[in-house]
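A quick write-up on the structure given underneath.
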4 protein chains.
Amino acid sequence: MFKIAVIGATGYVGTEIIRLLVQHPNIEISAVVSKSFTGQSLSEIYPNFKNLFDKTLMDMDLDLLCEKADIFITALPHDASRDIIPELISRGKKVIDHSAAFRFKDKNVYETWYKTVHGMDDLLDRAVYGLPEIYRKKISDSVLVANPGCYPTCTILAIAPLLRNKLVHLSNIVIDAASGVTGAGRKSDLSYSFCEVNENFKAYGVTNHRHTPEIEQELSALAGEDVIISFTPHLIPMKRGMLCTSYLNLKDNNWTSESLYKVYREYYKDEFFVRVLEPGVLPETKNVSGSNFIDISVNFDKRTNKAIVISALDNLGKGAAGQAVQCMNIMLGLNEKTGLCHPAFYL
Amino acid sequence: MFKIAVIGATGYVGTEIIRLLVQHPNIEISAVVSKSFTGQSLSEIYPNFKNLFDKTLMDMDLDLLCEKADIFITALPHDASRDIIPELISRGKKVIDHSAAFRFKDKNVYETWYKTVHGMDDLLDRAVYGLPEIYRKKISDSVLVANPGCYPTCTILAIAPLLRNKLVHLSNIVIDAASGVTGAGRKSDLSYSFCEVNENFKAYGVTNHRHTPEIEQELSALAGEDVIISFTPHLIPMKRGMLCTSYLNLKDNNWTSESLYKVYREYYKDEFFVRVLEPGVLPETKNVSGSNFIDISVNFDKRTNKAIVISALDNLGKGAAGQAVQCMNIMLGLNEKTGLCHPAFYL
Amino acid sequence: MFKIAVIGATGYVGTEIIRLLVQHPNIEISAVVSKSFTGQSLSEIYPNFKNLFDKTLMDMDLDLLCEKADIFITALPHDASRDIIPELISRGKKVIDHSAAFRFKDKNVYETWYKTVHGMDDLLDRAVYGLPEIYRKKISDSVLVANPGCYPTCTILAIAPLLRNKLVHLSNIVIDAASGVTGAGRKSDLSYSFCEVNENFKAYGVTNHRHTPEIEQELSALAGEDVIISFTPHLIPMKRGMLCTSYLNLKDNNWTSESLYKVYREYYKDEFFVRVLEPGVLPETKNVSGSNFIDISVNFDKRTNKAIVISALDNLGKGAAGQAVQCMNIMLGLNEKTGLCHPAFYL
Amino acid sequence: MFKIAVIGATGYVGTEIIRLLVQHPNIEISAVVSKSFTGQSLSEIYPNFKNLFDKTLMDMDLDLLCEKADIFITALPHDASRDIIPELISRGKKVIDHSAAFRFKDKNVYETWYKTVHGMDDLLDRAVYGLPEIYRKKISDSVLVANPGCYPTCTILAIAPLLRNKLVHLSNIVIDAASGVTGAGRKSDLSYSFCEVNENFKAYGVTNHRHTPEIEQELSALAGEDVIISFTPHLIPMKRGMLCTSYLNLKDNNWTSESLYKVYREYYKDEFFVRVLEPGVLPETKNVSGSNFIDISVNFDKRTNKAIVISALDNLGKGAAGQAVQCMNIMLGLNEKTGLCHPAFYL
């Protein structure tokens, strides 16, 4: 049994990680940390855990935590990790972090888009971007994994086969995306209140969403040259789920949806969590909600010679907690699928 | 490994049973039957199962089925079981049935409320009402279990401690209940279309809902004398979840919420799936959604000397599929909790 | 044109009043007051008013307000009215208040249930309970109208014909109710955030909701003797709408739904906003949402000899803003229906 | 008073037209036609109209209808108009049609995309595309108006200022759009049932949605040369509302959001129903839901030198029924805003 501590256990990502790990056969959740709810049991805050996982939330106490656990999942606001992660690494612990701090190879990109000071950039070359389908080997050797953002996971995996196979022009890539409300985290914010959100749809972060440079960094790495994208996220009146529609100009003009599908199927033939859908079948978020799957459909638009790729995942699943558990399995040498084989809720 | 067949696999109850069983360590789902979708794979109908459970749906073929499986779960319309269940029993198979046909001790009650002919009443004395918290021993010895209705499960468990302990007057019991829309099953019916249901709330089946006599039969058995109730269900604009509010007149007038809580805690002290909530804590459907738990809160209203009991479960979980799996575990001699220890979704 | 000021214009009740009044042919909204948003235009806060009503929100300035308007609608937290209403009345203005302060004939009931000091009780004998179907004449003569609570409006009108005609026993009245989330007002409260509310249903205020004594006061007045009720509200995952299910024991046992319907139809034959539904037709909130109607269905349960009354209104409509406009019309000598004849949204 | 007949009165567009017209000061709805519900009153089908508009639905009887009304609104399936519209026109009646048959200047485009035979193409040169902001003068002179599709209205108005001012390259226009479920009409279709739609998001009609050629026809007319677009619609789990995000490459590279805003404000300075939002303010569907407004925000993305235009309307409002009433006002010589000045619901 590996011992794991979840820091930031009462946010939506934290609680989803615990929902997954309480069923994991090789993991003992040995500590759950929450500043806001120290001293209460997790099941007081989330009564769905009652009688299943009632552990008391502890305050941030590094010495005690390091006694209790060997691997740490941090799901904290971007700035709150600064006092914790370097210390954990220096004590020989493994960390999977959900902030953006370690996702960027260039600290300036992070500092510009996040309007903050990095302050842990000496760890940057030890950090690995936690997308197993691309960096599996590095993740398995790593002590510090930066869990990717939800939009980046959903779009990078959707576009990777086209870029790696050099099938598309790199200009004019448009990514139009939409997310459920859990993506905004657990907060008392009027704009996420039920009455403001239900029966409403809107765009947000137009031209300036912070996942843009993260997507561009990884698409550039896949393409082998700089990629600039147009990215627009929207807010869906639902809790879980994310869907991205990506538009790319194909270099050749003799594609079909069938031939593009074969490229995708080949590219992902060994990836359990990436489901490439048959031509004519489109992703729906309910098919991935609660699971670690990403469903991808690639469509050929002959009128404009574009590939239109639709990808769907659960922003709390493959877009956050599920992917963290997948990375954790890899870092610990476990079968990558352990604890992640349940189907999506659908209902 | 026990081999099980699910008949009526593409309804909402059927698919939820499969969602639970694909993860069950002692069960192999050896056949899935669907008249409407024979020949298609389950994951074409429910793409959340893609790569996890892609078995082809077969037509109803008793001989073949009896070769394939030893225990059967039937989730069929009330009349469709007639040709199947007697035959399965006669061939020595075990059956858990979701129709109402075997829930009633008196076939006349069934025929009156369901406006049909029973036609299998010779099996009635072999059938057990599948509520483990009340009939566990009988279920373990049975070959034919009638899985209870969702409203009956939610209300019988809510009221049982008061009746068994003879704490309440039997007249003037009012049960006001509400259910998510999956309770109506999977159907192309205008009144369950999104635009007719969302942002709407209504009562239905006022004075004549068919779960009424089922609740009364079991409450009468618990009380040792005839109980007549007022029961009114409502439709909530959500998919899963059920909540019942029961009003009962207490005989004595020196109760408190705390002392009633103790009665309930004692009554259910050995029941894993019944969570009695501390005084002041109220059930919410999200805490049970997707799970096999029922959460119960008993409140004392000193102004009217009533006990007001709030109970919540997932109509597809403890109200249907979860309870079926619980009964199945008992019938097979497995640990009752096997495959049912995951927390509710919450989100 | 009558000049009206809305104080507390940016809450959900305030904004709904403005939505109704911008279309009212005899009313000029001459001032809108908001402490939180002073200096901004209403359409910055609620962009649905852009180009239709862009008036700037002003701070609370009694002198200026009294120059601007002759009638005032106050939609403020219960305690905030204390500095304003007595002064408005003393200057000869008419007031329709949405707090609970003037709803109770006995200030002690208010102080007990609302845990506050009244401090304006010298005005109590000038205040009229603003339910036109019962107090129309008094409202027309009044300068201070206490707009009723949403649950009280929905239940008092549902039960009045039974009490006035002395058809029911007064003991064992149970009122089970449910409301959309706008009933909680506009606030940044985690428990009303989208992710906590959607796909969830719960009871709240069990045995102690503050609308209980208000309902009892008015039912007692109708019955001519003291009435005590059991009242349990629930929260529905939708924005607008309220539905109450009331259970009452009939004295005689020769009723039918048809004969009860005739009693109701006769009782409300002159009431435009009360729609008594034919036997077999049940209210749904979408049929009243956005309107000033209340739909009522009375059902006879012969098994228990109870009347089960279902009533539905929009908690922001007949349950708050619509009723305020109805009262305003009456106080100003206008046709009561003016500005209130639009159908409900349905969609 | 003008007399109007609504043919296809019980669909969602038909009922919304009636919701608007019952309040219209110059219109008498003299007939409502429904094949499915002939003989029932409209308020039996839509009880929100009870006591406000209870007219009996009649069968299609051209002679009788022509006696009753002078102007007709047809909201029928695309093929059902063929027997009716030519006859109405030949008898001198005015018609506003909601099918696609008269939206295309070239009947071949219609026949190709709608896979049907036109059969009324002799009327094509008398038909006017009912977008008042572009064809107001023609509409006022017309006897046959083709009410535009919802997506076309939402995107054409969003893009018109850029095309008319020749500010953008015509290649690589991407339009990503999303609609509420009422857009699919009123039907008993499993894929629009509540349990399949709620908490789900999906794309549909990828590369082949039938509004594509309609949008292209009008964009081409605005640009003065052929325009080909990529268009992908999505289904939002909500009833009303539509939002389109359009990506266009700017010719010059010295724009700002502010300077683009001025272009839009100037272009639409006389258009009451087009609200151009200030830079930094983004449309939300709740701000237009139930109204005839379209809200537009134009954003400059300097990283890609694109204009990203967000536009929102109510698919039943400016996207269908509201626009039909606006056209009707113009055709009848009434003030265009009559009956359309109510604010959106917001809640």
Side-chain angles (χ1 to χ4, degrees), chain C residues 12-13 15-16 18-20 22-23 25 42-53 180-182 186 198-199 237-241 271-278 281-291 293 295 312 314-317 321 337 339-347, chain D residues 12-13 15-16 18-20 22-23 25 42-53 180-182 186 198-199 237-241 271-278 281-291 293 295 312 314-317 321 337 339-347:
Chain C
Y12 287 151
V13 171
T15 191
E16 181 76 355
I18 295 168
R19 190 178 77 86
L20 296 172
V22 290
Q23 291 272 82
L42 183 73
S43 60
E44 283 175 79
I45 314 304
Y46 289 102
N48 56 322
F49 288 114
K50 188 175 165 75
N51 293 4
L52 292 170
F53 187 80
V181 186
T182 50
R186 193 180 201 227
N198 205 36
E199 289 282 321
M238 65 184 201
K239 295 201 273 192
R240 287 172 182 260
E271 295 299 340
F272 179 70
F273 293 115
V274 182
R275 298 190 295 202
V276 180
L277 306 187
E278 287 73 22
V281 182
L282 293 170
E284 309 193 21
T285 61
K286 67 185 171 193
N287 294 331
V288 293
S289 184
S291 82
F293 289 99
D295 283 359
D314 182 346
N315 55 299
L316 290 179
K337 295 155 65 175
L340 294 171
C341 285
H342 49 280
F345 304 155
Y346 191 90
L347 294 172
Chain D
Y12 287 152
V13 171
T15 191
E16 182 74 357
I18 296 168
R19 192 179 75 85
L20 296 172
V22 289
Q23 292 272 82
L42 183 74
S43 59
E44 281 175 80
I45 314 302
Y46 289 102
N48 56 322
F49 288 113
K50 190 177 163 72
N51 293 3
L52 291 171
F53 187 80
V181 186
T182 50
R186 192 177 203 229
N198 205 35
E199 289 281 323
M238 65 185 202
K239 294 199 273 192
R240 286 172 183 260
E271 294 299 339
F272 179 70
F273 293 116
V274 182
R275 298 190 295 202
V276 180
L277 306 187
E278 287 73 23
V281 181
L282 293 170
E284 309 193 21
T285 61
K286 68 185 171 193
N287 294 330
V288 292
S289 183
S291 83
F293 289 99
D295 284 0
D314 183 346
N315 54 299
L316 290 179
K337 295 155 63 175
L340 294 171
C341 285
H342 50 278
F345 304 156
Y346 190 91
L347 293 172

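Each chain gets a letter, A, B and so on, in the order the sequences are listed, and its residues count up from 1.
- Here the straight-line distance linking atom CE of C:M238 with atom NZ of C:K286 works out to 11.0 Å at 0.5 Å rounding.
- The main-chain N or O of C:N51 is never found under 3.5 Å from a side-chain atom of D:R275 such that the two would form a donor-acceptor pair.
- Ring geometry for C:F293 against C:F272 counts as tilted: the plane angle lies between 30° and 60°, on a 0 to 90° scale.
- Residue with the most contacts toward chain C among D:N198, D:V22, D:T15: D:N198 (heavy-atom pairs, distance under 4.5 Å).
- With sequence neighbours excluded, no residue satisfies side-chain hydrogen bond (donor to acceptor under 3.5 Å, both in side chains) with D:S291.
- Put simply, of D:R240, D:K50, D:K239, the one with the most heavy-atom pairs under 4.5 Å next to chain C is D:K50.
- Interface remark: C:E284 contributes no atoms to any contact with chain D (heavy atom separation under 4.5 Å).
- For a residue to count as touching a neighbouring chain, one of its non-hydrogen atoms must lie under 4.5 Å from one of that chain's; by this rule D:I18 does not touch chain C.
- Using a 4.5 Å cut-off between heavy atoms, D:L347 contacts chain C through both its backbone and its side chain.
- For C:Q23, there are no side-chain hydrogen bond (donor to acceptor under 3.5 Å, both in side chains) partners, not counting sequence neighbours.
- Looking at D:E44, neither its backbone nor its side chain comes within 4.5 Å of chain C, counting heavy atoms on both sides.
- Looking at D:R19, both its backbone and its side chain come within 4.5 Å of chain C, counting heavy atoms on both sides.
- Inter-residue side-chain proximity for C:L340 and C:L20 is flagged as met; some heavy-atom pair is nearer than 4.5 Å.
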